[in-house]
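Heavy atoms only: backbone and side chains are in, while hydrogens, waters and symmetry mates are out. Just so we're on the same page: letters track the sequence lines, and every chain starts at 1. Not measured: the values here are computed from a predicted model.
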Amino acid sequence: MLKAVLKKILNLIPTLLGVSVLAFLLIRLVPGDPIMLLLGERGADPQMYAEMKRTMGLDRSLLHQYFTFLSNVLRGDFGYSIVSKRPVLTEFLDRFPATLELGIMAMTFAITLGIPFGIIAAVKRNTIFDYSLMGAGLVGYSMPIFWWGLMLIIVFSVKLGWTPVSGRIDVLYEIERHTGLLLIDSWMSPDGGFAAFKSALSHLILPALAMGTIPLAVVARMTRSSMLEVLGEDYIRTARAKGLPYVRVVIVHALRNAMVPIITILGLLFGSIITGAILTEMIFSWPGIGKWIVFSINARDYPVIQGGVVMIASLVILTNTIVDVLYLWANPRMRQ
Amino acid sequence: METNQQKELSPFREFWHSFAQNRGAVIGLAVLTFFIAIGIFSPLLAPYSPSQLFEGTYRLPPAFTSGGNIKFFLGTDDVGRDILSRLIYGTSLSLGVGLMVVVVSLISGTILGLLAGYFEKHVDSTIMRLTDIIMALPSTLLAIVVAAILGPGLVNAVWAVSIVAIPNYIRLVRALVMAEKKRAYVTAAHAYGAGHIRIMLSEILPNCTAPIIVQATLGLSEGILNAAALGFLGLGAQPPTPEWGTMLADARPFMESSPWMVTFPGLSILLVVLALNLVGDGLRDALDPRLKK
């Protein structure tokens, strides 16, 4: 077990290095001169131009530039944003909780509905329940979420007026930052309390719904097929023959054994949260990582794009490795 | 192609027989055929040109709602263009982009997957490490970064979305090749003196086609979805191109007062993607008996 885990961790190193090379090279492929972008009109002065080039290290060889970049990154220094002049890492950490909160909410939605839907579809196989749930699942799976988000806004915010259109919380509230997760911080805030919490929650519902739709469909489909496999096993028949109530057999005997593939899928979905976050955050003006990256790309804020790509990719790789390790731990047969 | 099947049905008839048992797949195929027909015959089917401006008919609601005009069945947009005509012209763009993405990613992914699976060792570990790196970047993020580097535009969007799709083919083809390589017919070809390229292309590859076709169908739907997402983010086709994702982005400022402007382009994307996924599921069941439970 320990050996397998160590091997996984060692495997991380070349992949992470590769990501840093990719991020480093991608930025250098972008058309346009970053020095001119930084200096603006002052870049016309050749002396200032040369000086800036030297301070940014752009006069060195590409290899030298890369190793400087790498050693800075390893010390947590991702450079400064051209737009805000603040450290990229600080900018990232400022916005990450918003994405995390949205992601957790979306996954909660996907899991709490997806698993029961999958179980019902499996137990009621080839009935109208199965067909309609799996039909809806396929629609959800095919959903262009950038459109789905807009439709949710049109129906629930514009027509019904139930939820706000965008943002994280009503501008009324000034919430002191403790965890960065507004659902928690709003409770702790002195002038907030329940009203602030309600405001934060109502802002969160639609984006989470939009972002959770595809994971919901994936979880439901996976749960169904995994349950169908398990329900055909002998021990289920034995449990039934013993006269145990059906619900107990399904929940205790079948679901527990069907969970391994479901957990794997969940892990992979956690890794794909950022993908959903980019589009969802753009639609709902959610101040998280996804919106930040898209804005930085439009503003050609190279340090942010470079640092953001490294941080996001590392996060995805780490999550996947943790899932792999958990999988090994839960599944002794896989350890060889 | 040699077929040594002794059955009464031809391979195609046999395939169709099992494909047609899946009602969803047949419906999906019908919807898909409908869209392909629209794409091919768009100049004949569209009532107007996609760029024709009708003065005084700005943001007209669809004909079947109050205030609509039968001349503009799905209404008009903010500068008085007929939405139905734009959607019809956009069909060939979306399908074409998806097809281009599949061609580019399928060819490059299959070649790399063949090499990785066939040669193993260094070739394999190099290719798979690159694949791991690309897969570590969330697909939308990678696509927008690549699109930003290449500059916005429909053709560049094809490249961006293709790069994102390549790892899927590499992993699939590699796994297939590794399994096929151990079969007796490959050993026989070796003994016969066939070269590596010949074995890869004319012995192994033909035996891997079924799963690749399934993956290509799903890749088509993913390509259409991702290209539309780039269009929506302003990095794909540029206005006034009637690409569905771009139309959505254009319509977004008016979504509160004129929701039909956002409804129909997105609905078209959903229908095409849904149809492709249905066909993909059906193909998988019909072509790949191993996956059938």
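- When heavy atoms are compared at a cutoff of 4.5 Å, I224(B) does not approach chain A at all.
- Contacts between S139(B) and chain A at a heavy-atom distance below 4.5 Å involve backbone atoms as well as side-chain atoms.
- Between the side chain of W147(A) and the backbone N or O of L248(B) there is no donor-acceptor pair closer than 3.5 Å.
- Contact annotation for I283(A): both backbone and side-chain heavy atoms come within less than 4.5 Å of a heavy atom of chain B.
- Residues V145(B) and Q306(A) fail the side-chain proximity criterion, which asks for heavy atoms closer than 4.5 Å.
- Between I293(A) atom CD1 and T140(B) atom OG1 the span is 12.5 Å, to the nearest 0.5 Å.
- Taking each heavy atom of M282(A) and R252(B) in turn, the nearest pair found is O-NH2, 3.2 Å.
- Heavy-atom pairs under 4.5 Å with chain B were tallied for P144(A), S142(A), S157(A), G290(A); the largest tally goes to S142(A).
- For M151(A), the part sitting under 4.5 Å from any heavy atom of chain B is the side chain, from C-beta outward, and nothing else.
- The environment of W159(B) atom CH2 is sparse: at most 12 non-hydrogen atoms of other residues, nucleotides or ligands sit within 6.0 angstrom.
- Within 6.0 Å of atom CE in M100(B), 12 or fewer heavy atoms from other residues, nucleotides or ligands are found, so the atom counts as exposed in its surroundings.
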Which is it for V316(A) and L137(B) under the side chain to side chain contact (heavy atoms under 4.5 Å, CB included) test, yes or no, and what are the steps along the way? CA-CA 7 Å; V316(A) 172; L137(B) 294 173; over 6 Å; no
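- Rounding to the nearest 0.5 Å places CG of L279(A) at 5.5 Å from CG of L233(B).
- Taken to the nearest 0.5 Å, the OG1 atom of T15(A) stands 11.0 Å off from the CE atom of M128(B).
- Within a 6.0 Å radius of OH in Y141(A), no more than 12 heavy atoms belonging to other residues, nucleotides or ligands are found.
- Counting heavy atoms of neighbouring residues, nucleotides and ligands inside a 6.0 Å radius, atom CZ of F129(A) does not exceed 12 of them.
- Considering only heavy-atom pairs separated by less than 4.5 Å from chain B, the leading option among L315(A), I278(A), N298(A) is I278(A).
- Counting heavy-atom neighbours within 6.0 Å of R221(A) CZ, excluding the residue itself, gives a total above 12.
- The candidate with the highest count of non-hydrogen atom pairs below 4.5 Å against chain A, out of A143(B), A228(B), A275(B), is A228(B).
- In this structure, chain B has heavy atoms under 4.5 Å from both the backbone and the side chain of L138(A).
- Both the backbone and the side chain of L267(B) have a heavy atom closer than 4.5 Å to some heavy atom of chain A.
- Both the backbone and the side chain of L26(A) come within contact range of chain B, judged by heavy atoms closer than 4.5 Å.
- Heavy atoms closer than 4.5 Å to chain A are found in the side chain of D281(B), but not in its backbone.
- If you tally non-hydrogen atom pairs under 4.5 Å between each of L130(B), N277(B), I133(B) and chain A, the highest count goes to I133(B).
- Contacts with chain B were tallied for I305(A), I317(A), I154(A); I154(A) has the most, counting heavy-atom pairs under 4.5 Å.
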